[in-house]
Amino acid sequence: MTGKGHKYIFVLGGVMSGVGKGVVTSSIGLLLQQKGYPVNLVKVDPYLNVDAGTMNPTEHGETFVLKSGLETDQDMGNYERFLGRDLTSDDYMTSGMVYQSVIAQERALGYGGKCVEAIPHVRDEIMRRIRQAAEVSGSQISVIEIGGTIGDFQNALFIDAARELKMRQPDDVTFVMVSYLPVPSTIGEMKTRPTQHAVRELNSYGVQADFIIARAPQPIDDKRKEKIAIACNVHKERVISAPDIKSIYEAPLNFEKDKLSDALLDALHLPDKRKASLAAWKKFVTAATDGSAPELKIAVVGKYFDTGDFVLSDAYLSVIEAIKFSAAKIGQRAKITWINSKEFDKEGANVGKILPGFDGIIVPGGFGETGIEGKIRAIRFAREKKIPYFGLCYGMQLMVIEYARNVLGLKEATTTEIKKNATEPVVDVMPEQKDLITNQKYGGTMRLGAYPARIKKGTIARSAYKSETVEERHRHRYEINPEYVERLEKEGLVFSGTSPDGVLMEIAELPKEVHPFMLGTQFHPELQARPLSPHPLFTEFLKAAVTRRDKKA
Ligand code: GLN
């Protein structure tokens, strides 16, 4: 039911970007779900890319792949992790998607000869998508995060769609503005003025904020709550404190201190169905933030780090989270060190100087040539020195290449991703991908989304999963070349997971007697790791890391 009575919460950002609209949206989702309401979360990205698959991870962060295969923004990952369930393609939209369908409809004479305009046609398409997302998920409340900041040119149509909805269903719509209250070091006092300006700016769209989430370095005091309430036309109990926290997973617990979920239900004219039980969540947060848990040193050897003078790990967000969940589960505290594989690329690079200090090494997903030789060096070191190794996608392909080169003696072994006419194409492009590459059809054309895999008995993968079939999410164009599988297996590599027809290699590993944990997956297990259900392969990898650390000690 998405007519009258279906509820909508719009989350908007004021003052500046990067203050955690995604975490607010996710937290609201979790809290209302705990209150017994079916919720769906929608991310609106105002850029013109049709999906997030073509964007550079250093610029935009990780591309999060949904079960359906849609390539989306990393916020979708947070939504899934907080809600503890899969989201659908309907829960994500970009301006590019919206315009693409309007234009396709126009080309098909779908507007009956009318002049097609941003308002109302694009705005109507936005609303159609929001309604469809609610319908597909069967939710009662939709929480919609509008990307960007209030005042941006790009997101104005989305805000206008929300305004219109509020006008039509005043009791069913509420607006949450996530703001920032700076504490300038020279003044030493929390300033509310930028928030007041942002609320005014939102007013100029015909929208009044009903809630203000006050992000700040510290909790907001009563005096400032009052000031914001009066100046911004918001009830005082709807000004919610959001101080900096150690872990984003604390956010919903903090919001509950200010009774956010009760206030939201009140604003939406919904009864409080039951007390939110956050016991399991709290237990996880306590374990994840336990500073006294023993430290595990994990190296992530990747390449999407540098942006100007800053090192950003956003490109590997799901990997970091997956490590945290499994660490919390086994009572450990993971300390992640980022190693730029370009450093290891140089001839004669001494991986042996840096890597022995780690309890486990991960090579995550990636594309292209840079950093490849460095990663292969790191993998060889992990294999020979028996350091637990976990390869994700490219990390698995390179693990197999390393094995082919140094165990099978195929010195030219490589992937055709970096050498088109390779003489030993151990990793090769999938046949159906060849034409796509030739015709430069890159957007949304990889092997994407969830596929089943069969797991071999008596392997590390099987003992971790405890199941014969699993389903995991993919994002790749290249595969282990079937022509090399027999030779690799003869020399000791085990393909412990394959596609159900046995053609595609999904997991490669070394037997436990040979190496404590040397395993790579063609898929991205990190995309399905959740706080309350950590991924078994990450957990198994970390357990091996604990054993190594404790043996050293
Ligand atoms: N570049 C590799 C491929 O396309 C691996 C992709 C990845 O790591 N996500 O197959």
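This chain uses plain numbering: 1 for the first residue, then up along the sequence. Fair warning: this is a prediction, and the values are worked out from it, not measured in the lab. Each ligand, and each atom within it, is numbered from 1 in the order the structure gives. Hydrogens, waters and symmetry mates play no part in the numbers below; they use all other heavy atoms, side chains included.
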Which heavy atom in Arg462 sits nearest to a heavy atom in Glu468, and how many Å separate them?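 In this case the closest contact between Arg462 and Glu468 is NH1-CG, 3.7 Å.
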Which pairs, with at least one residue in residues 82-95 and sequence neighbours excluded, count as a side chain to side chain donor-acceptor pair (under 3.5 Å)?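 Of all non-adjacent pairs touching residues 82-95, those that pass side chain to side chain donor-acceptor pair (under 3.5 Å) are Asn40-Asp91, Asp45-Tyr92, Tyr47-Tyr92, Ser68-Ser89, Asp86-Arg473, Asp86-Arg530, Thr88-Asp91, Asp90-Gln132.
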Assess, by modelled atom type and distance only, whether the side chains of Thr521 and Glu506 contain a donor and an acceptor separated by less than 3.5 Å.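 The criterion, which ignores hydrogens and geometry beyond distance, is not satisfied for Glu506 and Thr521.
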Just by distance, no angles: are the side chains of His535 and Glu321 close enough, under 3.5 Å, to form a donor-acceptor pair?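 Looking only at side-chain atoms, Glu321 and His535 do not form any donor-acceptor pair under 3.5 Å.
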State, yes or no, whether a side-chain contact exists between Phe538 and Leu392 at a heavy-atom distance under 4.5 Å.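 In short, these two side chains touch, coming nearer than 4.5 Å.
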Protein residues having a heavy atom less than 4.0 Å from any atom of ligand 1: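 Within 4.0 Å of ligand 1, protein side: Gly365, Gly366, Phe367, Cys393, Tyr394, Gln397, Glu417, Arg475, His476, Arg477, Tyr478, His524.
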Check this for me: does any side-chain nitrogen of one of Arg377 and Glu402 sit under 4.0 Å from a carboxylate oxygen of the other?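 Judged by the 4.0 Å cut-off on N to carboxylate O distance, Arg377 and Glu402 do not form a salt bridge.
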